[in-house]
Protein chains: 2
Amino acid sequence: MNEIDLNEAFIKDMKRRFVKSFLDMLILKLIQDEPIWGYKILKETKKLYQVKLRHGALYPLLNMLEMNGYIKSKQELHKGRIRKVYKITRKGTQLLNTYQNFLKQQL
Amino acid sequence: MNEIDLNEAFIKDMKRRFVKSFLDMLILKLIQDEPIWGYKILKETKKLYQVKLRHGALYPLLNMLEMNGYIKSKQELHKGRIRKVYKITRKGTQLLNTYQNFLKQQL
DNA sequence: TACAATATGTCCTCTTTCGGACATATCAAG
DNA sequence: CTTGATATGTCCGAAAGAGGACATATTGTA
């Protein structure tokens with residue numbers, strides 16, 4: 001492995017660590033951008049972040065975020081299937097702001 | 001728990017997660033600031049970061065960083081006790097730069 | 001002379017996390 | 001009419017990680 005490959009592997013590892021630790025915040029950020037449902041989050045993250053997000057990890061996480069009042073779901077019927085479309089709450093927005101301020105301090 | 005306490009608890013949790021995921025980078029940063037040995041790192045982090053860093057976690061980490069060529073140790077005799085004083089290598093400095101650039105992109 | 005501090009190291013168990021399997025239902029396309 | 005996509009959910013065994021114990025040696029202090 002040359003230096004460039006090592007660097008790419010390192011960045012990939014940083015990404016992996018970051019997603020592992022702050023997945024809930026990244027999901028919250030996605031929901032803040034636009035109301036979205038679980039299945040679409042799976043597709044979006046696959047496309048945008050090259051992150052293998054398991055649905056078995058995502059759905060419990062979304063339910064937890066809602067239980068804590070950071071997001072709020074609304075059932076929408078779309079072509080015979082029920083979607084749980086989430087949008088961020090004021091409490092969720094506040095949390096995300098605190099998170100972003102925290103991150104800035106780490107630089 | 002009121003809102004302020006919740007926020008403080010959240011920041012504390014973010015800190016915990018960050019240290020958990022990027023401890024090696026934080027240690028590397030400390031070594032970059034000035035050559036330092038393990039025991040002093042334990043004292044410094046306790047004082048500065050309010051992080052309970054176990055020596056049983058730190059020493060293997062330092063050895064791993066040296067094995068990978070990011071830091072280099074030099075044994076120094078101080079009042080009859082041997083200290084392994086570490087300083088950062090060029091490879092280590094490059095790694096830290098990559099890490100910091102990565103972090104900036106996460107904002 | 002015993003206890004706290006300095007200094008570095010390993011090891012083993014408990015807990016947490018992860019990845020994949022199991023589960024269910026509808027719809028669209030071949 | 002079966003397979004793939006959409007959509008959401010639980011569960012469990014394996015792997016990884018954390019925390020504290022074990023280990024050793026010297027120095028400073030009460």
Side-chain angles (χ1 to χ4, degrees), chain A residues 12-27 30-31 34-47 49-68 71-87, chain B residues 12-28 30-31 34-68 71-87:
Chain A
K12 199 177 170 183
D13 184 47
M14 288 296 108
K15 211 171 201 170
R16 206 207 78 246
R17 294 195 209 180
F18 200 85
V19 171
K20 186 178 166 179
S21 278
F22 301 108
L23 182 60
D24 50 355
M25 293 300 114
L26 295 174
I27 297 301
L30 261 183
I31 296 170
E34 56 165 349
I36 195 171
W37 60 99
Y39 193 81
K40 201 184 176 190
I41 291 174
L42 291 170
K43 300 293 143 186
E44 293 274 295
T45 51
K46 197 180 173 185
K47 203 173 62 187
Y49 300 96
Q50 300 98 43
V51 171
K52 301 138 219 140
L53 181 55
R54 290 171 307 115
H55 80 273
L58 179 64
Y59 291 118
L61 180 66
L62 288 170
N63 291 328
M64 197 53 68
L65 284 172
E66 183 165 30
M67 243 187 282
N68 290 325
I71 54 174
K72 182 107 190 70
S73 71
K74 199 166 130 190
Q75 305 231 339
E76 279 184 20
L77 195 69
H78 186 259
K79 293 184 184 171
R81 277 184 289 255
I82 288 169
R83 280 178 185 167
K84 282 177 78 178
V85 178
Y86 294 95
K87 63 174 188 178
Chain B
K12 199 176 170 184
D13 185 46
M14 288 297 107
K15 211 171 202 168
R16 207 206 78 247
R17 294 196 209 180
F18 200 85
V19 171
K20 186 179 166 181
S21 279
F22 301 108
L23 181 60
D24 50 354
M25 293 300 114
L26 296 173
I27 298 301
L28 201 55
L30 261 183
I31 296 170
E34 56 165 348
I36 195 172
W37 60 98
Y39 193 82
K40 201 184 177 190
I41 291 175
L42 292 169
K43 300 292 143 190
E44 292 274 294
T45 51
K46 197 181 173 184
K47 203 174 62 188
L48 294 172
Y49 301 95
Q50 298 97 44
V51 170
K52 299 137 221 139
L53 182 55
R54 291 171 306 115
H55 79 271
L58 178 64
Y59 291 117
L61 181 66
L62 288 171
N63 291 328
M64 196 54 67
L65 284 172
E66 184 165 29
M67 244 186 283
N68 290 324
I71 54 175
K72 182 105 190 72
S73 72
K74 199 166 131 190
Q75 304 232 340
E76 280 184 20
L77 194 69
H78 186 260
K79 291 185 184 171
R81 277 184 290 256
I82 288 169
R83 282 178 184 167
K84 280 175 79 178
V85 179
Y86 294 96
K87 63 174 186 178

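For the numbers below, each heavy atom of this structure counts, side chains included, while hydrogens, waters and symmetry mates do not.
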Inset, instruction - Any chance you could lay out the side chain to side chain contact (heavy atoms under 4.5 Å, CB included) test for B:Tyr39 and B:Arg83, step after step, and finish with the verdict? - result: CA-CA 9 Å; B:Tyr39 193 82; B:Arg83 282 178 184 167; over 6 Å; no
Legend entry - Residue whose nearest DNA chain C nucleotide is more 5′ - A:Gly80 or A:Ala57: A:Ala57
Inset, instruction - Check the angle between the aromatic planes of B:Phe18 and B:Phe22 and answer parallel, tilted or perpendicular using the 30° and 60° thresholds. - result: tilted
Inset, instruction - Look at the side chain of B:Glu76 and the backbone N and O of B:Val85, then say whether any donor-acceptor pair between them is shorter than 3.5 Å. - result: no
Inset, instruction - Provide, to the nearest angstrom, the distance between the CD1 atom belonging to A:Ile41 and the C1' atom belonging to D:dA7. - result: 12 Å
Legend entry - Rounded distance in Å - CZ (A:Arg17) to P (C:dT17): 17 Å
Inset, instruction - Starting at atom CZ of A:Arg83, determine the distance to atom C1' of D:dG9, rounded to an integer number of angstrom. - result: 18 Å
Inset, instruction - Could you tell me the separation between the NZ atom of A:Lys40 and the C1' atom of D:dA5, rounded to a whole number of Å? - result: 16 Å
Legend entry - Phosphate OP1/OP2 of C:dG9: any B:Lys84 side-chain N/O under 4.0 Å: yes
Legend entry - Rounded distance (Å) that lies between atom C1' of D:dA7 and atom CG of A:Leu77: 12 Å
Legend entry - More than 12 heavy atoms from other groups under 6.0 Å of NZ on B:Lys72: no
Legend entry - N/O (side chain, B:Tyr59) to phosphate O (OP1/OP2, C:dT8) under 4.0 Å: yes
Legend entry - Residue-phosphate contact under 4.0 Å: B:Arg81 side-chain N/O, D:dT27 OP1/OP2: no
Inset, instruction - Examine D:dT6: is either OP1 or OP2 under 4.0 Å from a nitrogen or oxygen in the side chain of A:Tyr39? Give yes or no. - result: yes
Legend entry - Between P of C:dT10 and CG of B:Leu58, the distance in whole Å: 12 Å
Legend entry - CG-CG distance between B:Leu65 and B:Leu58, expressed to the nearest 0.5 angstrom: 9.0 Å
Inset, instruction - Select from A:Trp37 and B:Arg54 the residue whose nearest nucleotide in DNA chain D is closer to the 5' end of that strand. - result: A:Trp37
Inset, instruction - Round to the nearest Å and state the distance from A:Lys20 atom NZ to C:dG19 atom P. - result: 9 Å
Inset, instruction - Mind calculating the distance between NE2 (A:His55) and P (C:dA21) to the nearest angstrom? - result: 11 Å
Legend entry - Which residue lies more 5' along DNA chain D, comparing B:His78 with A:Ile82 via nearest heavy atoms: A:Ile82
